[in-house]
Amino acid sequence: MLFLRRTLPLLIAFIVGTLGILIYYIPHTAAQDLEQELARWDRIIAAFAMLLGIYSLMSLHLNRVKRQQGGWGYSFLVFLGFGLMILFSLYNDGLGPFKPQVADSGPFVWMFDNVQVPADATMFSILAFFIASAAYRTFRARTPEAAILLVSAIIVMLGRVPIGVLISDWIPWFSQWLMAVPNLAAKRGILLGVSLGAIATSLRIIFGIERSYLGGGE
Amino acid sequence: MRYILLCLTLLFCMCPVQAQQPTQIQTMDTPNDAGGSITLTWNRADLPPKSVYKIAIGESPNGPFYLATELPTTANLMSDDPATFGHGDETAQTHFFNITEYQDTNNTEKPLKLETDKTYYVQITTQLPNGQMLPSNISPATAIQNLFNKTKINNFILGTVFSLIILIAIYMARRHEMYIRRIAGLEALDEALGRATEMGKPVFFAHGLHPMGSVSTIAAVNILSRIARRTAEFNTELKVANNDPIVMAVSREVVKESYLNAGRPDAYNDDMVFLAATEQFSYAAAVDGMMVRERPAANIMMGYFYAESLLLAETGANIGAIQIAGTDSYTQLPFFITTCDYTLMGEELYAASAYLSREPKLMGSLKGMDVGKAFLLLTLVLGTLLATMGNQTLAHIFTAY
Amino acid sequence: MKDFLINLDRRFIFIFVAIGVILPALTTFPLPIKPTANVRAIYNTIEEVAAQNGTVLISFDYGPGSMPEIQPMTLSVLRHCFSKKVKVVGMCLWPQAVGLVQQALDTTSKEFDAQYGTDYVFLGYKTGMHSLVINMGRDFQGTYPQDLQGNNTADLAVTQRIFGLKDFDYVICLAAGNTPDGVWIPYGQERYKFKFGIGCTAVMAPDQFPYLQSGQMNGLMGGLAGAAEYEKLINTPGTATDGMRPQSVVHVIIILFILLGNTIYFLYDRKKGGAK
Amino acid sequence: MTRDQIFFITSLFVFFVINIFLLATGSLSPDWAGLGTFIAAGITLSLYSFLYKDNPLFKFTENLYVGVAAAYTMNQVWYTVLLADVINPTFDLNGQTGGNHEWLLIFPVLLGLFMLTQLASDNISWLSRIAFAFVVGLGAGLAIPRTIAANVLAQMQPSMQPITADLAGFNLVVILVGVVTVLIYFFYSVEHTGAVGVASKVGIWFLMISFGASFGYTIMARLSLLIGRAGFLLEDWLNLQLPLF
């Protein structure tokens, strides 16, 4: 039984991982067809992974209601919103769930346009207010590094907006230079470092050194 | 004297040479592909403008030949495709063409695709503007499926070498101690915890929004275990606000273990590690509310944060708490840098985790990546110097074909 | 006065920002919008594709949270393509983009009388991210046998002769996340070497410059300013151009806040020893 | 009645008065679209109430939104993948797969169902590890050669160009110095003292300029989102014909 719980997953990760690497270098159609099939399987499993995300969100709220943890009353709203939207999704503007989805009319689209879009858009726009208050109260040049950061931010902000052009033609040019040279250099340095890190992590996964992604204890 | 001789010879070969049929013809399977294509190469010749190369292909040496393509005499030089033909000087003097299909004159609705593992016969004819045709001799070729893409040889070598370095480094890290430079962020962390003890106020900790499987959350939990040990020793109140039940469960284990190792099992209770809220903004609002009420002396944020980083850091700064942050989310780093006293940037979060946990897989990876960075760094400098002196070979080696 | 300035209530600043956004939106004052080279590169590439009446693939990877920045780009690029008879294939790597793109397609196709199936096709969302790009890279019609409405892609005029990513004349990615540098470049552009341009939120714009210089990307529209520049190029001003007025004013307000905050910090706050 | 409750009720009352006024003047149409704009404006304002204080109205709307968003994602996953890529090809439901049934799809579906067992009881949740091993292992394998090609090689070559004696050459030198010093900053085997210390100091300056750029751009992005919502409230809801003056 231990083979199934521990060794089999690591074996699968090793086989599938090494295949993923080697196929990149092999143009032969047999290898390319295998890569296509593996990628196709990956897409279908990814769909179930998204269902897992939704399923765990729902069970989280279910547990909150069962144990009446803080704010459990609001979890009913999650179920309300979810249930209503699922109903409209199945209704699919009259065609039912086994026909292609109707994306330009019907109650499902109405709910998306008038509940999800305003909520999601507003949620992110709240940050503009917090940025403004932080700009005044907390963004301090505490250290020389933070000072460089703030000066660079101010130049870039002025350069990207028409008012910068009105002040002087140099600002947009200098702001563009800041983006295309020092910013590029730092981002390329970070990118090279992060890429080596990503390769190291991938290697640890393939060779079974990294196991935390399997989750669920030993 | 020698100089004049040189001019004469030059003069001699400048005069219009009598045009002849294509020379140095070679046909071969097109490399680095899954078959279905034959490559034809022939020498570039000085031909009057508007002359054309016609390439014909047939299934038997003397059987019907069909037109594959017509090319102007200036097109398709080998130097256009360095991935396959390299960067030699001769590439600018030779033409090439990949034949993948031809037009069968009797059934004309769709061009016929070349079949793999079948021998075809190829002939190239120079057609001068006056219509004169100069055919070359016929040469056979067979398209086959290749097993290795030679244009990716630099990618393959770089990948294999770097992988070996990482795996060997991890293997060595298991055998004996490895040196890592001291991480300034961790000193700042100890100083902050010391200050919190003097002021007798709690220490807050937040993990970011990533799930337990993510590298950033693992690093955050490693750092939490060290903080918990310090708060156990200094008898300072620790509060860990979570937004993910699994991360909360793991954090409870880690904090309980740290209190045990510090010999203070009695000081630990489960309420120190709690679920503040599940959604991003409610989580930030809940933690902000607690911070304003309990006025912690230190606010520590480690892990992968999203837009809520600003809400937490701004409130922390306003209640005067010492703030230490560490994140590999590069979009949130600027907000931490301008609001916190010390920020672990990007990979420093992983380095701190390795420094604390001394886990072989983390130490080995870090050392292996250092070797990789040193190699890339030196190559860049050397490559630029050589390129400035006109030698592009290093730059050509490090090109993604 | 000093104490009032130092611990100014956060909500007072919120009101100030709200006014800074609403007032300029109510008025109109001319602001010079000069398209930069990176935005012009996308415009020119679409013009080239129009010259050989080619087909463009647009990947919409954003949600309502980034709509104010990316939706104007979607509208401008679609208007540009439809006005020049460039065939458009739309797809999404983010699920929430489907509803937003459907709206944009409906409005712009009516404006230019673009017919579904002959001028544009919308494939909707599929899971898989990198795996999806690997699949469609080599076998486009196998990955998308049907479009969002259920028609066979093999029968639609736009997608009939598209068998892989190399058959597209230009690939544009309008993204709020890291799908351009995390998915499209390593899993698509790296192998099929197609011309690749992107429009992204201002948050992601600075990270794209290494790819612009290396030639992996040939154009970039960054944030609302990028959208406004593109609207200027196709001279149909829209929400982005209107948004530039409040954007300019609020930028100045934020910059003044930072400067004011720091002067107070250096004059008074530092002695109090908030932090070292 | 606390100050907050009074403030809450008056703002609710004001909101309804405005809507009745809009309905009366015909700028809010009495059909589904009009109702939609009304609800959208209500949601926008109730979420903005978070700026005053985290309150029940905000939690009400946020949780409702979480439920709707989860169902929307599920809808896309069902229609465009499970139905279109699994059920139709397997059972030839829409008759567009030429009669052949792809029974081989049972394997990815099985692995997908294995993944769902992660939340089930312990004695079968280990099945999810097989599915995770496949997905994470394949992802790691596919990533390595492409990361080398797109993020290492393709980024090295443009930084190894000949230095010319003009602005372009100067830029290349600055970029080279920046990349090299940033790599040195993220170096852990050598103490940051002496020459390495100076190099990492220069590296931090480059990092700070690039973080400043990201910081400025992020501020621009968040402000654009606010401008977008203000545009919705002013033009779509209040139906003001801008510009007023």
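Just the heavy atoms: all of them, side chains too, but no hydrogens, waters or symmetry mates, feed the values below. Throughout, a chain's letter reflects where its sequence line sits, starting with A, and its residues are numbered from 1.
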Qualifying residues under ring pair (Phe, Tyr, Trp, His ring centres under 6.0 Å), relative to Phe206(D), sequence neighbours excluded: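 Applying ring pair (Phe, Tyr, Trp, His ring centres under 6.0 Å) to Phe206(D) gives none.
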Does the Arg129(D) side chain pair with the main chain of Arg5(A), one donor and one acceptor, at a distance under 3.5 Å?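 Confirmed, Arg129(D) side chain pairs with Arg5(A) backbone.
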Has the side chain of Trp78(D) got a donor or acceptor atom that lies under 3.5 Å from a matching backbone atom of Pro97(A)?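 Indeed, once roles are kept as given, a pair shorter than 3.5 Å links the two residues.
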Pick one of side chain, backbone, both or neither for [X], based on which atoms fall under 4.5 Å of a heavy atom in chain A.
{"X": "Met115(D)", "result": "both"}
{"X": "Ile204(D)", "result": "side chain"}
{"X": "Leu83(D)", "result": "side chain"}
{"X": "Tyr185(D)", "result": "neither"}
{"X": "Tyr79(D)", "result": "side chain"}
{"X": "Tyr72(D)", "result": "both"}
{"X": "Leu127(D)", "result": "neither"}
{"X": "Val81(D)", "result": "side chain"}
{"X": "Ile184(D)", "result": "neither"}
{"X": "Val77(D)", "result": "side chain"}
{"X": "Leu51(D)", "result": "side chain"}

Decide yes or no for Leu82(D) and Phe48(A): does some side-chain heavy atom of the first lie under 4.5 Å from some side-chain heavy atom of the second?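 Sidechains of Phe48(A) and Leu82(D): in contact.
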Measuring from Asn63(D):CG to Phe82(A):CZ, what's the distance to the nearest 0.5 Å?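 The CG atom of Asn63(D) sits 14.5 Å away from the CZ atom of Phe82(A).
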For the pair Leu142(D) and Asp42(A), evaluate side chain to side chain contact (heavy atoms under 4.5 Å, CB included) and give the outcome as yes or no after the intermediate values. CA-CA 11 Å; Leu142(D) 293 174; Asp42(A) 185 53; 5.7 Å; no
For Trp32(D), does the CH2 atom sit with more than 12 other heavy atoms under 6.0 Å from it, leaving out its own atoms?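 No, CH2 of Trp32(D) has 12 or fewer neighbouring heavy atoms, counting only those of other groups under 6.0 Å.
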Heavy-atom count around Phe170(D) CZ within 6.0 Å, excluding the residue itself: above 12?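 Open.
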Which pairs would a plain distance check flag for residues 155-164 of chain A, meaning a side-chain donor or acceptor within less than 3.5 Å of a matching protein atom at least two apart in sequence or in another chain?
| unit_1 | atom_1 | unit_2 | atom_2 | d |
| --- | --- | --- | --- | --- |
| Arg160(A) | NE | Tyr217(D) | OH | 3.2 |
| Arg160(A) | NH2 | Gly222(C) | O | 3.4 |

